[in-house]
Number of protein chains: 2
Amino acid sequence: MKPYLLVIEDEEALATLLDYNLDKEGFRVDRAGDGEEGLLKIEEETPDLVLLDWMLPKVSGVEVCRQLRARPETRRTPILMLTARGEESDKVRGLDTGADDYVVKPFAMSELTARIRALLRRTRPELVDERLEYGDIVLDRASRRVMRSGRNVHLGPTEFRLLDFLMQRPGRVFSRERLMDAVWGPNTYVELRTVDVHVGRLRKALREGGAADPIRTVRSAGYSLDHQA
Amino acid sequence: MKPYLLVIEDEEALATLLDYNLDKEGFRVDRAGDGEEGLLKIEEETPDLVLLDWMLPKVSGVEVCRQLRARPETRRTPILMLTARGEESDKVRGLDTGADDYVVKPFAMSELTARIRALLRRTRPELVDERLEYGDIVLDRASRRVMRSGRNVHLGPTEFRLLDFLMQRPGRVFSRERLMDAVWGPNTYVELRTVDVHVGRLRKALREGGAADPIRTVRSAGYSLDHQA
DNA sequence: TCCCGAGTGTCACAAAAGTGTCATGGGGCG
DNA sequence: CGCCCCATGACACTTTTGTGACACTCGGGA
């Protein structure tokens, strides 16, 4: 749901600051203290964007860049470099290292988030955009509205979050546990079958007016937003 | 189907935590309280990866490492060491004990799973990859879909797991016992012939639309996913 | 304060989908 | 030519999912 950023930065103070501010801006943030750790975390879960310090212990920023560009899963992952003033700046400016953008320390947090959003919009618009679309379904976050083929669909808050989540990765199957975590929050104690009920309600609302059911049930696995069949 | 991890750790609290979290991450986990028990369990069933505490009663972590490296079945089994801060760290860091990686306690669960996945990807990519292909058959774990020559193939949960398993080692022949273990789980009491029935159902589903039977029956031995002779 | 309506979480029961066994009939292989 | 060994349809049984009903909570308004 939230964009997932990985901050690879060895300077503890800066990392904490970034962590705090980016979290406040609505990003999910994880942190790595050096290039090696960063690469590992990336392997676990591909971030939506990487904030990368230029100078790093163990594996340098340039090297991390190179490796990310070499892997198919991360070839298109945006990389934003953090550089100190004067630090190899010519090379960085050209961005021929594979990074997509850079900021020079010290920088204003607002400038950073602006650049982050710009990069994200380019690669994964569904993460920052106010509106998600799938087939004839449109979900508008700003106005909290859902339309299907132009017709307004009324959803309760839970159904709205559920659809929002499903629309971020259409086709992918999510277990009830996963949906519970994503939609209800990770520390909620609710009957798992409650997910079924809400999926049912969402389905009913989306089918209003005779449209096809856009949710696929995968027996013994979960649900996905998907073309049937 | 699920990667099988063995946790060798004497600290009850940590072991339970690991058990719980790794299970949630989709691994099958077994636990041993000391090195001796660990070696026994490994002999019973070779794990896909071993999580090994450095300090252990009876047989130490280092010794377990050594013994695993000495046996052909486990020579290539990845070992991830768990060490307390400062504990023999130089020696561990060099990984000259035979371990493939290590984490220092206390550690974030996300870091641990990242490293586990990284190691598994290195040795057994088919265990963690999202998509398997063989000939014109594509199995996508994320969307839980199987396609043959672009046509969607509907499979029940058991047939899906069965195909998943067969696709991990195409061409190789598996006995009914082996398939039973892998697909039904090691503690299931079901008639062996049931495998035949499910193979039959899988075949039927895959032949849908006139395609050739991709499963080879090896008389008095088992089945394999294979081009027919 | 009290009432009301939208939203939620549970349950129970029905329906759908998937499973395990068995019996029967072929077929391959010595 | 016989044996095994396998393929397969039938079927009773389980498991999993869909859904309507219902009781509760929580903010507004009146």
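Sequence lines set the chain letters: A, B, ... in the order given, protein chains first and strands last, and positions in each chain run from 1. If you're wondering where the values come from, they're calculated on a predicted model, not measured in any experiment.
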Spacing between B:D196 atom CG and C:dC22 atom C1', to the nearest angstrom: 12 Å
Contact class for A:F160 vs. all strands (heavy atom < 4.0 Å): base, sugar-phosphate, or nothing? nothing
DNA chain D: B:V199 or A:V199, which has the more 5' nearest nucleotide? B:V199
In this structure, CZ of B:R117 is separated from CG of B:L127 (nearest 0.5 Å) by 11.5 Å
Could you tell me how far apart A:L155 (CG) and C:dG7 (P) are, to the nearest whole angstrom? 9 Å
Quick check: any donor-acceptor pair below 3.5 Å linking the side-chain of B:R219 to the base of D:dC4? yes
Integer-rounded Å distance: D:dG9 P and B:H198 NE2: 15 Å
Can B:R203 and B:T217 be counted as having a side-chain donor-acceptor contact under 3.5 angstrom? yes
Parallel, tilted or perpendicular: rings of B:H198 and B:W184 (30°, 60°): perpendicular
If you compare every side-chain N and O of A:H154 against the phosphate oxygens of C:dG7 (OP1, OP2), does one of them come in below 4.0 Å? yes
Using side chain to side chain donor-acceptor pair (under 3.5 Å), reason through A:N21 and A:E25 one step at a time and then give a plain yes or no. CA-CA 6 Å; A:N21 280 286; A:E25 287 291 325; over 6 Å; no
Across the strands shown, which category fits A:V197 at heavy-atom distances under 4.0 angstrom: base, sugar-phosphate, nothing? base
Measure CD1/A:I215 against C1'/D:dG18 and give the value in whole Å, please. 13 Å
As a test of reading the structure: which of C:dT19, D:dC6, C:dT10 is closest to the side chain of A:T194, going by heavy atoms? C:dT10
Below 4.0 Å: OP1/OP2 of D:dG18 and any side-chain N or O of A:T217: yes
Interatomic distance, A:M180 CE vs C:dT8 P [rounded to whole Å]: 12 Å
Check the phosphate of C:dT10 against A:R193, side-chain N and O only, distance under 4.0 Å to OP1 or OP2. Yes or no? no
Examine C:dG7: is either OP1 or OP2 under 4.0 Å from a nitrogen or oxygen in the side chain of A:T158? Give yes or no. no
Please report the interatomic distance CZ(B:R145) to CG(B:D140), rounded to the nearest 0.5 Å. 9.0 Å
Counting only side-chain N and O atoms of B:W184, is one of them less than 4.0 Å from OP1 or OP2 of C:dT19? no
How close or far is atom P of C:dT8 from atom NZ of A:K204, stated in whole angstroms? 14 Å
With a 3.5 Å cut-off and heavy atoms only, can you find an N or O donor on one side and an acceptor on the other between the side chain of A:R201 and the base of D:dG20? no
Distance check needed: D:dA7 P versus B:Y223 OH, whole Å only. 4 Å
Distance check needed: C:dT8 P versus A:L179 CG, whole Å only. 15 Å
